[in-house]
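Written below as structure tokens is the structure these notes are about.
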Protein chains: 2
Amino acid sequence: MATRTRTKTHRTERRTDALSRERIIAAAIEILDAGGENALTVRALAAHLATGSGAIYWHVADKGELLAAATDAVIARVMGEIVSGAKPREAIRAVALGVFDAIDVHPWVGAQLFREPWRPAMLEIIESVGGRLQALGVPEAAQFDSASAVVHYILGVAGQNAANARSHTPDTDRSAFLASVAAQWAALDPARYPFVRQMAAQLRDHDDRAQFLAGVDLILAGIETVR
Amino acid sequence: MATRTRTKTHRTERRTDALSRERIIAAAIEILDAGGENALTVRALAAHLATGSGAIYWHVADKGELLAAATDAVIARVMGEIVSGAKPREAIRAVALGVFDAIDVHPWVGAQLFREPWRPAMLEIIESVGGRLQALGVPEAAQFDSASAVVHYILGVAGQNAANARSHTPDTDRSAFLASVAAQWAALDPARYPFVRQMAAQLRDHDDRAQFLAGVDLILAGIETVR
DNA sequence: AGTTGACTGGAACATCGTTCCATTCTATTG
DNA sequence: CAATAGAATGGAACGATGTTCCAGTCAACT
């Protein structure tokens with residue numbers, strides 16, 4: 001009802017830059033990438049497309065549907081780039097890294113992936129990981145739990161990254177942000193937080209991406225012990 | 001500036017049910033538990049406390065601070081209940097389950113934990129997990145990555161649970177919701193989603209809590225391979 | 001008694017998502 | 001070819017939200 005119903009006859013475009021669900025989603029992605037989640041308002045979108053809000057709501061039901069569609073589009077693009085011929089273990093790492101990098105570029109994807117799982121984007125990830133686990137020889141009884149563990153871990157890092165990206169508006173002061181958190185950690189009460197204090201030094205100059213991959217390897221190692 | 005500055009002299013309460021940061025946070029938790037995240041509006045909170053919004057903003061800076069404080073309160077309570085004498089492995093499982101159960105009862109905690117990490121609540125979790133990993137004999141070089149993996153996994157499940165709780169308003173139709181997702185999964189194209197299709201049957205009647213714990217064990221097993 | 005300042009309550013503001021509707025334009029019909 | 005139906009548009013308007021502002025209140029101190 002909210003989508004365009006093209007009856008049977010050919011239909012020429014009303015104007016050269018006619019609105020369409022695809023154009024709206026593309027514009028939404030642009031705005032989200034440029035200014036983050038808060039920047040995507042219906043008014044900003046309408047201005048960006050030189051139209052009114054009513055026109056947008058004719059093509060899209062919700063703002064939620066818009067965010068979901070934008071997320072699906074980004075994740076589908078990432079998943080399409082995974083080479084299917086690679087060895088299972090490498091493929092899983094590639095999928096995980098693909099999602100990680102996608103969220104690094106589009107932090108809002110992390111938040112959305114988190115807000116509404118059970119959607120096409122998540123399905124792609126589960127299928128991609130789960131299929132490779134089967135190829136790895138994980139016994140059937142452990143496949144569900146194993147895939148769930150990997151996906152939930154990816155999801156957890158996704159959210160963390162999205163939150164971090166929200167904390168430091170551009171991306172230049174990322175190291176400054178990390179240093180600030182590290183300083184806070186280092187200043188904690190040694191009696192109450194001995195571990196966190198010890199980690200403060202490592203936190204300052206650790207590589208998110210490498211640590212993420214280390215976690216994936218850790219889980220894969222754990223899965224292999226079940227075999 | 002936004003918090004009450006109590007100079008040096010003693011100060012008797014203005015009225016028996018005087019407002020205070022603690023009372024406001026407690027009321028916020030009540031509203032959140034009763035109606036979910038959307039139910040917590042400043043107006044609803046003011047009505048619940050029989051006051052105006054201005055009075056609330058005198059004690060609390062933001063709605064964000066309110067949510068963060070409520071989350072910290074819930075998590076701190078959970079962490080306080082962990083028996084410190086247990087064996088490290090059991091203690092980690094207890095911490096994980098504590099967080100899981102807390103989010104099961106207060107789904108909004110999951111969303112908030114996700115939205116703003118690097119807060120007291122998260123510190124408690126990291127410290128609690130990390131300290132036990134040290135006790136487990138995890139080599140120092142692997143401690144940071146290992147703790148990060150466990151915490152991110154917990155975080156991922158937390159968000160998932162919160163999202164699920166948002167999908168089915170009460171808690172009775174949880175099985176109906178799972179059945180619905182399972183049906184969707186079963187109806188997928190077998191060529192494109194063979195793995196997800198196979199998991200559909202298990203999804204219908206799996207135990208979230210048991211699966212969560214299985215994931216924790218999986219990661220712990222992986223961590224032990226590094227030792 | 002008067003003054004100070006912590007504290008309150010509610011009106012008011014800006015912004016958001018969403019709905020509604022008069023209007024435009026194209027493709028079809030008579 | 002004129003008329004009509006309906007897809008598509010643009011913007012005004014509505015209700016709700018977070019937040020700010022401010023005139024007032026009350027208790028403790030001078």
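Lettering of chains follows the sequences in order, A, B, ..., and the numbering in each one begins at 1. All figures in this text were calculated on a predicted structure; none of them were measured in a lab.
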Start at the 5' end of DNA chain C and walk down; is the nucleotide closest to A:Ser53 or to B:Ile56 reached first?
-> B:Ile56
For B:Ala186, which residues count as a side-chain contact (heavy atoms from CB on, under 4.5 Å) partner, sequence neighbours excluded?
-> B:Ala200
Specify the residues of residues 35-44 of chain A, ordered by number, for which at least one heavy atom lies under 4.0 angstrom from an atom of DNA chain C.
-> A:Leu40, A:Thr41, A:Val42, A:Arg43
To the nearest Å, give me how far apart CZ (B:Arg23) and C1' (C:dC7) are.
-> 14 Å
Hey, which of these two, B:Ala55 or A:Gly64, hits DNA chain C nearer its 5' end, going by closest nucleotide?
-> B:Ala55
Ignoring hydrogens and angles, does a donor from either the side chain of A:Ser20 or the base of D:dA8 sit under 3.5 Å from an acceptor on the other?
-> no
Between P of C:dA6 and CZ of B:Arg21, the distance in whole Å = 18 Å
Length of the line joining B:Leu45:CG and D:dT17:C1', which is rounded to integer Å | 14 Å
Gap between atoms CD1 and C1', on B:Ile24 and C:dC7 respectively (whole Å) | 11 Å
Identify, with sequence neighbours excluded, every residue that meets ring-ring contact (aromatic ring centres under 6.0 Å, His included) alongside A:His206.
-> B:Phe144
Look at B:His59 and C:dA6 and indicate whether a side-chain polar atom (N or O) is within less than 4.0 Å of OP1 or OP2.
-> no
How would you list all residue pairs meeting salt bridge (charged side-chain N to carboxylate O under 4.0 Å, His left out) that involve residues 95-106 of chain B, not counting sequence neighbours?
-> B:Asp101-B:Arg209
B:Tyr57 OH to C:dC13 C1', in whole Å, measures 13 Å
Distance in angstrom units between B:Trp58 CH2 and C:dC7 P, rounded = 4 Å
Interatomic distance where NZ belongs to B:Lys63 and C1' belongs to D:dA16 [whole Å] | 11 Å
Should B:His59 and B:Ile24 be marked as a side-chain contact (heavy atoms from CB on, under 4.5 Å) after you check the CA-CA gap, both sets of side-chain angles, and the distance that decides it?
-> CA-CA 8 Å; B:His59 293 275; B:Ile24 293 177; 3.6 Å; yes
side-chain contact (heavy atoms from CB on, under 4.5 Å) involving B:Val74 - partner list, sequence neighbours excluded | B:Ile29, B:Ala102, B:His106, B:Trp108, B:Val109
Under the ring-ring contact (aromatic ring centres under 6.0 Å, His included) test, residues paired with A:Phe100 that sit two or more places apart | A:Phe212
Pairwise distance OH(A:Tyr193) to CD(B:Glu124) - rounded to 0.5 angstrom | 3.5 Å
